[in-house]
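Structure record follows, encoded as structure tokens.
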Amino acid sequence: MYETSAANVTPSQTVGPFFAHALPYDQDWELVSETHPGAVEIRGRVLDGAGEPLPDALLELWTGTSGPRGALRRKGVGTSGFGRCATTPEGFYHFRTVRPDGAYMALLVFARGLLRPVLTRIYLRDEPDPLLDTLEPARRATLIARERSENVYEFDVHLQGEKETVFLSC
């Protein structure tokens with residue numbers, strides 16, 4: 001049996017910035033087609049502690065459901081429960097999906113400088129929820145997407161700072 005001690009544990013390495021190589025794939029952000037009934041767009045930016053956009057972050061959206069559209073190869077109609085999107089040079093990302101069966105979608109963020117990806121939630125509505133109800137209003141607001149127009153939501157991820165998004169253990 002191998003025993004670990006503080007003397008033989010190596011530190012974690014930061015992840016990235018190499019996400020654009022091989023991880024993104026065609027239509028990775030498109031969990032449903034453009035014509036899918038009830039499709040919603042989630043758009044936003046990934047920002048650092050100074051409010052500067054991160055041009056090389058990678059986000060994974062999990063809706064908690066599966067579907068026939070495929071997780072890594074998009075085909076046909078229906079839905080997928082998983083999407084991935086790299087940020088643009090301006091830090092923007094977007095997903096096309098459907099409203100989750102539950103109250104929220106899970107969002108995993110990979111970005112340079114992080115030892116591990118960080119997990120957060122996207123709520124499309126501010127409603128009573130076991131997690132949201134434990135948060136102060138300002139912190140609660142970091143998990144709720146802002147509706148910009150019919151079926152278009154904005155959700156920025158702030159990795160640090162005054163507007164830091166609430167992150168959960170993963």
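Sequential numbering from 1 along the given sequence is applied to the chain's residues.
- Between Glu147 and Arg125 there is no salt bridge, since none of the side-chain N atoms of the basic residue sits less than 4.0 Å from a carboxylate O of the acidic one.
- The ring pair (Phe, Tyr, Trp, His ring centres under 6.0 Å) test applied to Tyr153 returns no partner, not counting sequence neighbours.
- Remark: Thr142 OG1 to Leu135 CG distance equals 7.0 Å, nearest 0.5 Å.
- Residues that satisfy the side chain to side chain donor-acceptor pair (under 3.5 Å) test with Thr35, not counting sequence neighbours, are Ser33.
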N/O donor to acceptor pairs below 3.5 angstrom from side-chain atoms of residues 39-48, sequence neighbours left out:
unit_1 : atom_1 : unit_2 : atom_2 : d
Glu41  : OE2    : Arg96  : NE     : 3.1
Asp48  : OD1    : Ala50  : N      : 2.9
Asp48  : OD1    : Gly51  : N      : 3.1
Asp48  : OD1    : Glu52  : N      : 2.8

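- For residues 97-109, no pair satisfies salt bridge (charged side-chain N to carboxylate O under 4.0 Å, His left out), with sequence neighbours left out.
- The side chain to side chain contact (heavy atoms under 4.5 Å, CB included) check on Asp133 picks up Pro128, Arg140, with sequence neighbours excluded.
- Ser66 meets the side chain to side chain contact (heavy atoms under 4.5 Å, CB included) test with no other residue; sequence neighbours excluded.
- Considering only heavy atoms from C-beta on, Val109 stays 4.5 Å or farther from Leu58 through its side chain.
- In the hydrophobic clustering, Val32 connects to Val98, either directly or through intervening members, whenever side-chain heavy atoms lie under 4.5 Å apart.
- In this structure, Thr120 contributes its side chain and Val166 its backbone to a donor-acceptor pair below 3.5 Å.
- For the side chain to side chain donor-acceptor pair (under 3.5 Å) test, residues two or more places apart in sequence or in another chain that qualify with Glu90 are Thr88.
- Among pairs with a residue in residues 158-170, none fulfils side-chain hydrogen bond (donor to acceptor under 3.5 Å, both in side chains), at least two apart in sequence or across chains.
- A donor-acceptor pair under 3.5 Å is absent between the side-chain atoms of Thr63 and the main chain of Met105, judged by distance alone.
- Considering only residues two or more places apart in sequence or on other chains, Ser80 meets the side chain to side chain donor-acceptor pair (under 3.5 Å) condition with Arg74.
- In terms of heavy-atom proximity, Asp56 sits nearest to Thr87 at N-OG1, 3.3 Å.
- When ring centroids are compared, Phe82 and Trp62 come within the 6.0 Å threshold.
- Qualifying ring pair (Phe, Tyr, Trp, His ring centres under 6.0 Å) partners for Phe155, counting only residues two or more places apart in sequence or in other chains: none.
- Summarising the geometry, atom CZ belonging to Arg84 is positioned 11.5 Å from atom CG belonging to Leu31; distances are rounded to the nearest 0.5 Å.
- Residues forming a side chain to side chain donor-acceptor pair (under 3.5 Å) with Arg121 (at least two apart in sequence, or on another chain): Tyr104, Tyr123.
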